[in-house]
Amino acid sequence: MRESGGAAFHSADLGIIGGSGLYAFDGLQDVTEAELRTPYGDPSGPLVLGTAGNRRIAFLPRHGRGHRIAPSQVPARANIYALKSLGVREVISVSAVGSLRGDFAPGDMVVLDQLFDRTSGLRPASFFGDGMVAHVSMADPYCGRLRPLLERVAAGEHATVHGSGTYCCIEGPQFSTRAESEVFRSWGMDVIGMTALPEAKLAREAELCYAGLALVTDYDCWHPGHASVDAQGVAEIMEANVAAAQRVVMRFAETSRPASCGCHRALDKAIMTDSQIIRGGPESTVPTLLRGRIAPVG
Ligand SMILES: CSC[C@H]1O[C@H](OP(=O)(O)O)[C@H](O)[C@@H]1O
Ligand SMILES: Nc1ncnc2[nH]cnc12
């Protein structure tokens, strides 16, 4: 790890992953930067470390500074691994989303509670499978402890906040066809984006609490009264709302404390592989950081 900046600390407890429009995080104290290498390659860029209230924050823009990384190429394993290696236990993932329903309008915020995978299966989506097999529960992909905390601070900082919503994750980078958009609506999806997966799955495997703060930027392409989404429109709405997203996250940091949670024990009932193999090590390429406290089922 290489670090630069002022008084350095080498750890963080709260990770913030920034999406489209959120490439920097203002207001942190004692800021340093860390360039991390991981067994899964380099993260999206240097991590910005700093403090807010009593929390030690690690901020990482998932598309890199200047938005160079496409949704399918986001190094989600490296990003989650890097956060984990700093000691992060909670992650807030910020993203721009299209609305698939009339009552979620551009400018609104959504504290996500469900996910639907429409990616094409090509993104590396697990830390396991290579000599060590684990099946974590994804029934509730977003942390049930963080969600109400995040909703409460968001409601105090922003006009319209929806306390739940199902995020339909498409592969992209193209936006959806009208037919697809209508099908997603008929399936009960609330918002649409390209990046929540596999990030949420990997956060669960890494036993991190994971919350999703989505900013609605458009009505995708289904709404008869609105033009179809384009990237420029998304960027404009994000520019107008990014300060609000930062305030919400900052307020969350200032008013919350690290706490233990079931998410931190997500692997308790998930490992299938014989403990001899896990302890012996060489058959498994799962890095020690993620094997630290693992015991197999049964
Ligand atoms: C710039 S529009 C499409 C782009 O925006 C969203 O990114 P993020 O989730 O990182 O905010 C969407 O998923 C696409 O990657
Ligand atoms: N309509 C949309 N579809 C996919 N990703 C998005 N990100 C923001 N708006 C989106």
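This chain uses plain numbering: 1 for the first residue, then up along the sequence. What you see is a predicted model, and the numbers here were worked out from it, not measured in a lab. What's counted below: heavy atoms across the whole structure, side chains too, no hydrogens, waters or symmetry copies. One-based numbering, in listed order, for ligands and for the atoms of each.
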- Can Arg68 and Ser44 be counted as having a side-chain donor-acceptor contact under 3.5 angstrom? no
- For Ser95 and ligand 1, does the shortest N/O to N/O distance drop below 3.5 Å? no
- Query: Any N/O of Ala96 closer than 3.5 Å to an N/O of ligand 1?
  - Reply: yes
- Looking at atom 9 (O) of ligand 1, what's its closest protein heavy atom, distance included? Thr195 OG1, 2.5 Å
- Message: Could you check whether any side-chain N or O of Ser11 sits under 3.5 Å from a backbone N or O of Gly87, counting only pairs where one atom can act as donor and the other as acceptor?
- Response: no
- Is there a donor in the side chain of Gln29 and an acceptor in the side chain of Thr51, or the other way round, less than 3.5 Å apart? no
- Task: Give the residue and atom name of whichever protein heavy atom lies nearest to atom 10 (O) of ligand 1, and the separation in Å to one decimal.
- Result: His63 NE2, 2.5 Å
- Message: Between Arg56 and Glu90 (salt bridge meaning N to carboxylate O under 4.0 Å), is one present in this structure?
- Response: no
- Message: Just to confirm my output: which protein heavy-atom neighbour is closest to atom 12 (C) of ligand 1, and how far is it?
- Response: Met194 N, 3.8 Å
- To the nearest 0.1 Å, how far is atom 1 (C) of ligand 1 from its closest protein heavy atom, and which atom is that? Ser20 OG, 3.7 Å
Using a cut-off of under 3.5 Å, which N/O atoms of ligand 2 pair up with protein N/O atoms, and what distance separates each pair?
from: ligand 2; atom 1: 1 (N); to: Asp218; atom 2: OD1; distance (Å): 2.9
from: ligand 2; atom 1: 1 (N); to: Asp220; atom 2: OD1; distance (Å): 2.8
from: ligand 2; atom 1: 7 (N); to: Ala96; atom 2: O; distance (Å): 3.3
from: ligand 2; atom 1: 9 (N); to: Gly98; atom 2: N; distance (Å): 3.2
from: ligand 2; atom 1: 9 (N); to: Asp218; atom 2: OD2; distance (Å): 2.6

- Item | Ring geometry between His67 and His63 (parallel below 30°, tilted from 30 to 60°, perpendicular above 60°) | parallel
- Is the ring centre of Phe116 less than 6.0 Å from the ring centre of Tyr167? no
- Quick one: sort the His162 and Phe104 rings into parallel, tilted or perpendicular, breaks at 30° and 60°. parallel
- Atoms of ligand 1, numbered as shown, that sit under 4.0 Å from any heavy atom of Gly193: 13 (O)
- Message: Counting only heavy atoms not in Asp230 (residues, nucleotides, ligands), do more than 12 fall under 6.0 Å from its CG?
- Response: yes
- Message: For Tyr81, does the six-membered ring have the charged nitrogen or CZ of Arg77 within the cation-pi criterion, i.e. under 6.0 angstrom from the centroid and within 45° of the normal?
- Response: no
- Query: How is the hydrophobic cluster of Ile69 composed, in terms of its other members, when Ile, Leu, Val, Met, Phe, Trp and Tyr link through side-chain heavy atoms under 4.5 Å apart, directly or indirectly?
  - Reply: Val74
- Looking only at protein heavy atoms, what sits closest to atom 15 (O) of ligand 1 is Pro71 CG, 3.3 Å
